[in-house]
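A quick write-up on the structure given underneath.
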Amino acid sequence: MSQTLSRRRFLRGTGIALGLPWLESISVFGAASPKANTAPRRMAACFFGNGVNPAHWGAENGPGGLELKQSLKPLESLKDKMLVLKGLWNPTTVEGPGGHYPKMNLLSGLKVKQTTTDVEVGLTMDQIIAAQIGNKTPVASLALGTEGPKYSTDSGYTSIYSAYVSWSSATTPAPKEIYPQQAFDQLFDDGSKRARDKSVLDLVLSDARSLRGKLSRRDGQKLDEDLTSVRELEQRIERAEKFSQAETNGQGWQPSVKAPTMPRPGPGLPAQQHEHLDLMMDILVLAFQMDRTRVATMMMTNDLSGMNFDFLGIKGGQHELSHHAGDAERLDRYQKSNEYMVKAWARALQKMQDTNEGERSLLDNSMIFLTSSLWDGNAHDSTQLPLILAGGGGGTIRGGRVLDYAKDPNRKLCRLHLALMDRMGVKMDRFGDAESALSDLA
């Protein structure tokens with residue numbers, strides 16, 4: 001009975017991933033909402049594992065604008081829409097053992113707990129934003145990926161860290177959806193799925209009531225925690241119904257894309273990994289186009305990823321390729337994998353740029369950054385991070401530049417997060433290990 005009422009059942013039993021609900025108590029962080037007829041801002045953090053080849057990553061400020069290095073060449077047509085950020089890092093990743101897992105605090109800036117029995121990373125910036133603005137869309141926040149977690153330990157850390165960048169509490173990763181059909185249904189429900197969800201909720205609550213009197217006090221507390229998740233799902237169903245009615249009545253700003261522009265994906269995972277990645281990126285873009293959510297994370301691969309690049313004529317998984325040890329042939333394969341990840345990201349950005357939202361494009365109204373948890377994947381070096389920020393933030397970010405913070409003693413990555421949160425309407429005096437936002441994005 002306890003297995004059938006597990007947290008996994010409550011969170012995943014309906015084939016969806018729960019986002020953080022709207023929390024009224026966090027409203028003090030926020031700024032004034034944009035006018036009802038103004039296109040909203042969106043924010044997404046995109047991640048790929050195992051670092052980059054530093055020799056070919058980045059750009060320089062040239063007389064004609066950005067001069068992109070080889071890894072960033074797929075972004076040539078969009079270079080005026082992006083900032084290449086140098087030197088930012090999370091200082092908490094340097095001390096202590098562990099090559100990969102302690103570096104997976106990209107969106108919180110807090111130290112990853114060294115333990116094999118539980119996890120702790122910190123509440124991430126995307127979830128703080130979702131708590132503030134999540135009541136404005138059917139889905140408060142979206143967490144997507146292409147690989148599920150694998151369970152092992154290394155240097156006293158659990159591998160669960162490698163599978164998540166978004167954390168809905170200090171100790172709880174935000175559920176990440178890797179199945180395209182389930183992600184699609186979560187975002188673009190026609191009403192039938194809400195009816196199914198309600199039926200499952202009724203079943204779960206009935207089971208819980210019958211079990212409640214048989215539990216110890218501690219188990220009862222655990223059950224109450226899980227029932228909180230059920231109530232969050234109820235809130236999301238109600239929110240989806242409310243927004244469906246608002247769309248019918250044409251209230252407020254309306255997105256230029258009214259219906260899904262792609263067919264509902266089939267069940268299961270695509271056979272080819274690159275097709276899987278492209279499909280999940282398409283779902284993310286469509287979610288922003290249709291204003292189903294305004295906050296997202298996308299794990300293009302996990303850290304220590306086994307993504308295979310056979311479709312490029314490359315043998316070996318991504319993590320294996322990163323440990324090239326300076327061998328020219330292996331380094332070339334690693335470089336090609338880097339270029340592919342940027343190309344897949346650029347493809348999604350171009351779709352956003354091609355989406356007209358009136359005065360600006362969808363990309364102009366968004367802030368989409370791409371990064372990894374390592375700089376030099378071969379050396380597990382995190383003393384700076386590969387980072388590109390695309391989009392205009394609704395006219396608040398000026399692209400086409402390299403911003404170099406390498407010599408700045410206060411080059412903390414969380415300063416970028418503060419700047420992005422501010423643009424999303426979340427005002428905070430400090431976040432993670434940072435006490436001031438980057439001031440030169442505009």
Side-chain angles (χ1 to χ4, degrees), residues 45-62 65-76 78-79 82-95 98-107 109 162 165 299-305 307 309 312 314 316-346 368-390 400-409 411-413 415-416 438:
C46 298
F47 169 89
F48 64 93
N50 307 297
V52 300
N53 176 10
H56 294 301
W57 184 274
E60 300 295 336
N61 290 316
L66 277 181
E67 297 177 353
L68 303 178
K69 293 187 179 181
Q70 184 62 36
S71 295
L72 304 193
K73 288 294 186 182
L75 293 161
E76 185 68 33
L78 296 164
K79 65 182 183 180
M82 67 186 206
L83 293 171
V84 177
L85 307 176
K86 291 184 176 181
L88 294 179
W89 71 320
N90 277 325
T92 52
T93 66
V94 175
E95 296 181 0
H100 286 263
Y101 303 141
K103 318 294 175 64
M104 291 298 291
N105 62 345
L106 288 164
L107 303 187
S162 68
V165 292
M299 294 193 72
M300 302 170 72
T301 68
N302 286 358
D303 201 32
L304 286 95
S305 171
M307 182 176 182
F309 294 87
L312 296 178
I314 298 173
Q318 190 184 56
H319 181 223
E320 175 188 352
L321 295 175
S322 71
H323 290 292
H324 49 77
D327 178 80
E329 191 272 334
R330 293 169 63 190
L331 181 57
D332 179 67
R333 288 187 284 158
Y334 180 47
Q335 172 61 29
K336 288 179 179 177
S337 74
N338 284 178
E339 292 174 26
Y340 173 75
M341 301 310 295
V342 175
K343 183 179 179 180
W345 190 64
I368 316 294
F369 67 89
L370 177 69
T371 192
S372 186
S373 54
L374 300 171
W375 172 243
D376 182 347
N378 182 62
H380 292 161
D381 176 16
S382 63
T383 55
Q384 63 173 315
L385 295 173
L387 188 58
I388 315 166
L389 175 63
R401 299 177 292 153
V402 174
L403 297 180
D404 191 348
Y405 302 98
K407 296 182 180 180
D408 186 340
R411 58 188 182 94
K412 296 172 181 177
L413 177 61
R415 295 187 64 204
L416 171 64
L438 295 181

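Just so you know, these numbers use all the heavy atoms, side chains as well, and skip hydrogens, waters and symmetry mates. As the structure is a prediction and not an experimental result, all values here were calculated from the model.
Take R401 and apply the salt bridge (Lys or Arg N to Asp or Glu O under 4.0 Å) test, not counting sequence neighbours, and it matches no residue. Residues passing the salt bridge (Lys or Arg N to Asp or Glu O under 4.0 Å) test with R411: none are found, sequence neighbours excluded. With sequence neighbours left out, K73 forms a salt bridge (Lys or Arg N to Asp or Glu O under 4.0 Å) with no residue at all. Taking the side-chain hydrogen bond (donor to acceptor under 3.5 Å, both in side chains) definition, one finds that S162 meets it with nothing, sequence neighbours left out. Listed by chain and number, the residues in a ring-ring contact (aromatic ring centres under 6.0 Å, His included) with F47 amount to none (sequence neighbours excluded). Every residue two or more places apart in sequence or in another chain was checked for a salt bridge (Lys or Arg N to Asp or Glu O under 4.0 Å) with E67, and none qualifies.
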* Between Y405 and L438, does a side-chain contact (heavy atoms from CB on, under 4.5 Å) hold up when you go through it step by step? -> CA-CA 10 Å; Y405 302 98; L438 295 181; 3.7 Å; yes
Test salt bridge (charged side-chain N to carboxylate O under 4.0 Å, His left out) applied to K336 and E339, step by step: CA-CA 5 Å; K336 288 179 179 177; E339 292 174 26; over 6 Å; no
What's the verdict on side-chain contact (heavy atoms from CB on, under 4.5 Å) for L106 and L385, showing C-alpha distance, side-chain angles and the deciding distance? CA-CA 10 Å; L106 288 164; L385 295 173; 3.6 Å; yes
Practice task
Kindly indicate, with the supporting measurements, whether the criterion side-chain contact (heavy atoms from CB on, under 4.5 Å) is fulfilled by I388 and W345.
Solution key: CA-CA 11 Å; I388 315 166; W345 190 64; 4.1 Å; yes
- request: Just do the side-chain contact (heavy atoms from CB on, under 4.5 Å) check on V84 and L403 with the steps written out, would you?
  value: CA-CA 6 Å; V84 177; L403 297 180; over 6 Å; no
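The side-chain heavy atoms of M300 and M307, taken from C-beta on, include no pair separated by under 4.5 Å. In this structure, M341 and T301 have side chains that are in contact, with non-hydrogen atoms separated by less than 4.5 Å. Contact annotation: the side chain of W375 approaches that of P386 to within less than 4.5 Å [non-hydrogen atoms, C-beta and beyond].
Put simply, the side chain of S372 gets close to the backbone of G51: a donor and an acceptor are under 3.5 Å apart. Judged by distance alone, with hydrogens and angles left aside, the side-chain atoms of N50 form no donor-acceptor pair with the main-chain N or O of S322 at under 3.5 Å. Distance alone, capped at 3.5 Å, is enough to place a donor-acceptor pair between the N378 side chain and the A325 backbone. Using a distance-only test at 3.5 Å, with no hydrogens or angles considered, no donor-acceptor pair links the side chain of T371 to the main chain of L387. Side chain of K79 to backbone of L75: no donor-acceptor contact under 3.5 angstrom is found.
Taken to the nearest 0.5 Å, the CG atom of L312 stands 8.0 Å off from the NZ atom of K343. If you take CD1 on I314 and CZ on R330, they are separated by 13.5 Å, rounding to the nearest 0.5 Å. Here the CG-CG distance, from L331 to N53, works out to 4.5 Å after rounding to the nearest 0.5 Å.
No hydrogens or angles considered: nothing links the side chains of N90 and T92 as a donor-acceptor pair under 3.5 Å.
Between F48 and W57, the angle of the ring planes lies from 30° to 60°, which puts this pair in the tilted group.
L321 approaches Y334 most closely through the heavy-atom pair O-CB, 3.4 Å.
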